[in-house]
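All ligand and atom numbering here is 1-based and tracks the order in the structure. If you read the sequence from its start, that first residue is 1, and numbering goes on from there.
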Amino acid sequence: MKVFVLCTLLAATAAAWPSFDFGGIDGFQSDPSVSLTQRQKHVNKLLWKVYDHLKDTELKGIANSFDPESNTSQYSDRGAAARALAKELKENRLLKQHHWFSLFNPRQREEALMLFSVLMTCKSWNCFVNNAAYWREHMNEGEFVYALYTAIIHSELGEGVVLPPLYEVTPHLFTNSEVIQKAYTAKMVHTPGTFQMHFTGTKKNKEQRVAYFGEDIGMNTHHVTWHMDYPFWWKDSYGYHLDRKGELFFWVHHQLTVRFDAERLSNWLDPVDELHWDNPITEGFAPHSSYKYGGEFPSRPDNIHFQDVDGVARVRDMLIIENRIRDAIAHGYIESDDGTHIDIMNDRGIDKLGDVLEASAYTPNSHYYSALHNLAHVMLGRQGDPHGKYGMPPGVMEHFETATRDPSFFRLHKYLDNIFKEHKDSLPPYTREDLEFAGVALESIGIDGQLKTFFEDYEFDLRNAVDSAEGMEDVDINARISRLNHEPFSFVADVTNNNRGSVLATFRIYMCPRRDNNGMVFSFDEGHWMCIEMDKFWKKLSPGKNHVVRKSVDSTVTVPDVPHFQTLIDAADRGSFDMSEFTRSCGIPDRMLLPKGKRDGMEFALVIAVTDGKYDATHSNPEADEHGGSHAHCGQHGEIYPDKRPMGFPTDRRIPDRRIFEEIPNFKMEIVKVFHDDRHHH
Ligand SMILES: *[C@@H]1O[C@H](CO)[C@@H](O)[C@H](O)[C@H]1NC(C)=O
Ligand SMILES: [Cu+2]
C-alpha cells in the first residue's frame, strides 16, 4: 500500500472544496483475494469492443444480476455514490449510449465522475468489477471508458494493471476517417487488411511538415494520460493530494511547446507564434476524423476571427481573465477568495499559477480567475459552429486525445507558456550559491553513439473500431503509421568528486536548439526557455573520478510503447501477469526523446547540470528508486515529486549573465548535432 504522507499535511487546505465523504485513505485496500492476472483479465474484457454489449459470460452475468445499491458495506461511503448514480439511471437522466462524450461538457463530465466516484469508493475488486460491468451496460461508452481509466489509475485496486493503449480501445480518436472507412469495409467483406494512415493535410500546408508530432499516437497517449493522472476536476477527498499539479501542468505543456518548436526548426519553420484573442486564428484545420457516434469533427478555415461561443465565454471575457492573471504576476501575488494574498515570488509560485491558469479544483479563486486554459480549449473547439447553428459535435480541441492534431493547440499553449514566462522572468536570476555543488566538477560531457533519427512504420489494431455481429468472426484490421524514432545512444559525463566521501548527485540533462530558423545563434537569455528536458536522475559519486554513462532508454522523461491490447490479453491468459514497466503511459514516447534534427545535422547545446542530491531529492534512496519511470513530466502516483527544485531548474529563470553558467564547475555545455536519416525504415 502506498503511503500518502503529504495528503495529511495538505488536508487542511483541501477542506475548502465541497465533496463526497470517501472515508479517506482508510477506505482503500488492495484486494489480495483477486490476483493481478484476474484483475487484468477483467479490465481487458471490460474494454474490448466497448461500443458493443459485453460478450464475456461472467461479466454479462454480473451486468444482468448485480444491483449496485444492494450491499452498502462494500463501499467506503456506505453506498452514497452508488445510490446517487443509480438514481440518475432510474430517473432516466443519463446520457444515452452511442453518443459522443466530451470531458468539457459539464453534464457529461458529472456523469463520468459519478461512476468514477462509485469505483473509487469500492473496498474490494469484486465491488469494482461488478460495478464496472453493470455500468458498462447502462452508461454512455465514452463516460464509461473515461471513468474506468481514471479509476484504475487512481484506485489502489488498480495497482499493477496495464491499461490498454487508448488508440486500440477508441481508435476513432487516433486515426482518420479514411482509415476507419477502410476498416469497416474490410470487416464487411471479411478480409483482413492493413491500411496506411497519412498525416492530415497536404504539402501545400507548411504545418503538414510537423504533423507527425501532433498526430503521433504515442504523443497523444502521453497527453491524454497526463490529464488523467492530473485531472483538473481532482479533489483531495478522492484519496490524496496531487503534488505540484499546477507546476506539472506548466512543465508538461512547456515541454510539449519547446519540443514542437524544435521539430519546427528541424523542418525549416519558425517557432510557433502565440494566439491572441483579438487577432485572426492564422491556421485553419480540417481534422479528417469522425466520432464513432456523432459524425465528423468540425473543420475551421484559415484566418477566422474569434467569435463568442454561446454558453461558454465571450471573447472579451477571455481578455479580462488573461489580464487578471497577468495582474497577479505583476503584483507578485494571487488574490484568494477570502481576499488574502498568496505570494508567488518564490520557487512555489509557479505551482499556484499553474492551478490558476489551467484551472482546476485546486484554483484558489476560480470565481475571479476563471479557467483560462480549459475555456480556451472549448472556445477553439467551437469556432467552426460558435452558436450551435449547425449542431456540430465538439471540435478536436475539446478532447485531450485529439487536441494536439490542431495547430491551434500549439498556438494556445505558446500563449499560456508566455504567461508562465512572464512570471519566471519576474523572479531574480539564480545566483552562484543557488547553483553550486561544492567539490564536484564536470570535466567533460558528450554522447556515446550517434544522435540519429529516422521514420519507421508501426501498426496498431483497429478491430475495436468496427462493430461485430453475432456469430461473425473478427478479421485482423490494422492501421500502419509512420513515426519518428532514433538510434539508441548514451549521455556520458566525467565527473570529479573532490569531497572526502561519496556524494549524491542530481543529473539534469537538457538539449537546447542553438540557432533560429535563420541560422542565428540564440543568446543564453533567449535560448534557456527553449531547452528540452532529456533526463533527470540521481547517482552516487565516489571520491575521485567518476565516469557516468546514461542510456537514452532509461530517461525519466520517457515511456516505452504501450503493449498492444492483444499482447495484454495473451499475457493475462497465460497467467502470472507482470508487466509493471508498462503501468504508466504518461511520458514522452522513448522513440521521440530526440527531435527530428536535419539530414546534415542540427546543432543543440547539450547542457548537463550536476547538483547536490542531498538537498534536491525528496525521497531517501533516489538512486535505487524508479519513481514510476517517467517522473520528470508525470510525477509519481500518490507520492511527492522526487525533486525539490523547480521543474526546469536551472534553465527556468533568466540568464542575463552567461558567465555564471560557464564558470560554475558543476555545469557543462557542449554543442552536439542531431542527424536525420531520411531513408524510411520498414
Ligand atoms: C457485502 O459486502 C461486504 C464487504 O465487501 C462483504 O463482506 C459481505 O459478504 C457482503 N454481503 C453480501 C450479502 O454479499
Ligand atoms: Cu494538455
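Of the N and O atoms on the side chains of W234 and Y240, not one donor lies less than 3.5 Å from an acceptor on the other residue. Residues N220 and T404 bring a donor and an acceptor atom of their side chains to less than 3.5 Å of each other. At a cut-off of 3.5 Å, with distance as the only test, no side-chain donor of E401 or Y167 sits close to an acceptor on the other residue.
Heavy-atom minimum distance, M114 versus E88: CE-CG, 3.6 Å.
The Cu ion (ligand 2) lies under 2.8 Å from an N, O or S atom belonging to H253. Contact annotation: H373 places no N, O or S atom under 2.8 Å from the Cu ion (ligand 2).
Contact annotation for atom 7 (O) of ligand 1: protein absent (non-hydrogen atoms, distance under 4.0 Å).
Because its NZ or CZ atom is not both nearer than 6.0 Å to the ring centre of Y75 and within 45° of the ring axis, K123 does not count as a cation-pi partner of that residue.
Looking at H223 and the Cu ion (ligand 2) together, the shortest N, O or S contact belongs to NE2. Closest approach between the Cu ion (ligand 2) and any N/O/S atom of H227 involves NE2.
Within the 4.0 Å heavy-atom shell around ligand 1 one finds S73.
Between atom 11 (N) of ligand 1 and the options N71, T72, N126, the minimum heavy-atom separation is to N71.
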Where do Y641 and E247 land on the side-chain hydrogen bond (donor to acceptor under 3.5 Å, both in side chains) test, with the steps shown first? CA-CA 11 Å; Y641 192 75; E247 185 174 9; over 6 Å; no

